[in-house]
Number of protein chains: 2
Amino acid sequence: MEAPDITAALELEEGKPEKETRAEIRRRKLLTIASDLFATKGYDATSIRDVAAAARMNSASLYYHFASKEEMFVAVENASVDKIHDRVSAALAARVTDPWERLEAAAVAHAEALLDRTGFRVLVTLLYPPGLSEGVRHRLAARRDQFERMMAEVIDTLPLADDVDRFVFRKHYLGGMNAVGVWYSPGGKLAPADIGRRIVRVLKG
Amino acid sequence: MEAPDITAALELEEGKPEKETRAEIRRRKLLTIASDLFATKGYDATSIRDVAAAARMNSASLYYHFASKEEMFVAVENASVDKIHDRVSAALAARVTDPWERLEAAAVAHAEALLDRTGFRVLVTLLYPPGLSEGVRHRLAARRDQFERMMAEVIDTLPLADDVDRFVFRKHYLGGMNAVGVWYSPGGKLAPADIGRRIVRVLKG
DNA sequence: CCTACCGATCGGTAGG
DNA sequence: CCTACCGATCGGTAGG
């Protein structure tokens, strides 16, 4: 019933998940490899030859699956936002009603998506590669905004004091979540879900 | 009495600020230019020719001031951490005693240092350039840790509920602060100091 | 601080 | 999906 990680993350990208062609499987595998390299070394420092080598392919062959390195970035970035969006959205759909519990459910799902190292790895980008066209930038930003609006709905129902700025709350929450990948240590004391819960505990005051 | 921006930020780097040689002035100017380009386009996407052009120099001339591009990165990174450390440290030295007021003073100074666009610009790095030696990485991390320990002292004195994890508090606070540069808009409603104050208000609950 | 380079590597293409 | 390339650009150096 549960689709595997990457399928869920790339559903929008890949279209119907029922019949996946060999080419689609290959593209998905390349995207997973690319997400891992981009997340580890950064986009600019990752050459298409690095991606090809990790996939045991000739670098020229990548161009059968992607028109350009930029298209690879856009695909990884969109799949990243979608993975987080879909997991958090599913957690919220479980229909918890208490506002703080809703935020907790979202934070746990968010941290789990972000820190999941099996399969496709979420890319946290704070600076788009220079040279991305304005159109592409806008499309990427729109997808991020969709997720941010979902979080705004959760945060706006929180019972906060009048002088707490909910815009700053949201930006700070999202910024802090994005940073989690920097200090998380796999196999350490805190599992991703613990991190999500404890962050919300901090914010609950 | 107040040293200008960059001098304060680079004091450790540059040694005695009293007599600055022409070469030191030049190096400082190059660092300011580099910090701006690294912050705007990213380290990898900035070529030494970009830095040289902005300084109206031939790219070969940079190597009189810096042994390598990597050395430029290390200098910019250290000066960034120092700028934040020195400003926050000065704010805390004003000897406020209330723990939440101390955190607010630190957050305001932190946001101001981070968002100051006049002169040297603080670089927020979430991934060091690959190829940095382990030794260099450790020296950079040690300087960051020094600042983090200072914040830990402030946060550890906060009157928080027993089940609030102060480690997670600190990591989330620091992560959220680092992200501020992404959503801050110069000349907008919120000045850097407002942002610092409102973030602490959010955490105060 | 400049002129004049160099070897390596990059993203990408032609043609099969 | 591979072989065989290409032009551009990169960080860096020699020599002054």
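Every chain is numbered from 1, with letters handed out A, B, ... down the list of sequences. Values in this document were obtained by computation on a predicted structure and should not be read as measured data. What you see below is based on every heavy atom in this structure, not just the backbone, and it leaves out hydrogens, waters and symmetry mates.
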**OP:** Kindly say if B:Arg26 contacts the phosphate of C:dC1, meaning a side-chain N or O under 4.0 Å from OP1 or OP2.
**Re:**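 For C:dC1, OP1 or OP2 has a side-chain N or O of B:Arg26 closer than 4.0 Å.
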**OP:** For the residue pair B:Phe38 and B:Tyr43, categorise the inter-ring angle as parallel (less than 30°), tilted (30 to 60°) or perpendicular (more than 60°).
**Re:**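 Perpendicular.
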Original post:
Would you call the rings of B:Tyr173 and A:His172 parallel, tilted or perpendicular if under 30° counts as parallel and over 60° as perpendicular?
Top reply: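 Correct class here is tilted.
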Subject >> Cationic N near anionic O, under 4.0 Å, B:Glu20 to B:Arg27 >> reply: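 No salt bridge links B:Glu20 with B:Arg27.
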[atom1] of [X] versus [atom2] of [N]: gap in Å, rounded?
X       : N      : atom1 : atom2 : result
A:Phe73 : C:dC10 : CZ    : P     : 19 Å
B:Lys69 : D:dT13 : NZ    : C1'   : 18 Å
A:Tyr63 : C:dG12 : OH    : P     : 4 Å
B:Tyr64 : D:dT13 : OH    : P     : 17 Å
A:His65 : C:dG12 : NE2   : P     : 16 Å
B:Tyr43 : D:dG11 : OH    : C1'   : 9 Å
A:Asp50 : C:dC10 : CG    : P     : 7 Å
B:Ile48 : D:dG11 : CD1   : P     : 5 Å

Nucleotide nearest [X] (side chain, heavy atoms from C-beta), chosen from [options]:
X       : options               : answer
B:Ala60 : C:dG11, C:dC1, D:dT13 : D:dT13
A:Arg49 : D:dC1, D:dT3, C:dC10  : C:dC10
B:Ser47 : D:dC2, D:dG12, D:dC10 : D:dC10

**OP:** Could you check which nucleotide pairs with D:dG16 in any of the strands shown, counting Watson-Crick or G-U wobble with both distances under 3.5 Å?
**Re:**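 C:dC1 - that is the nucleotide pairing with D:dG16, both distances being under 3.5 Å.
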Original post:
Does the B:Arg137 side chain pair with the main chain of B:Leu132, one donor and one acceptor, at a distance under 3.5 Å?
Top reply: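 Here the side-chain-to-backbone pair exists.
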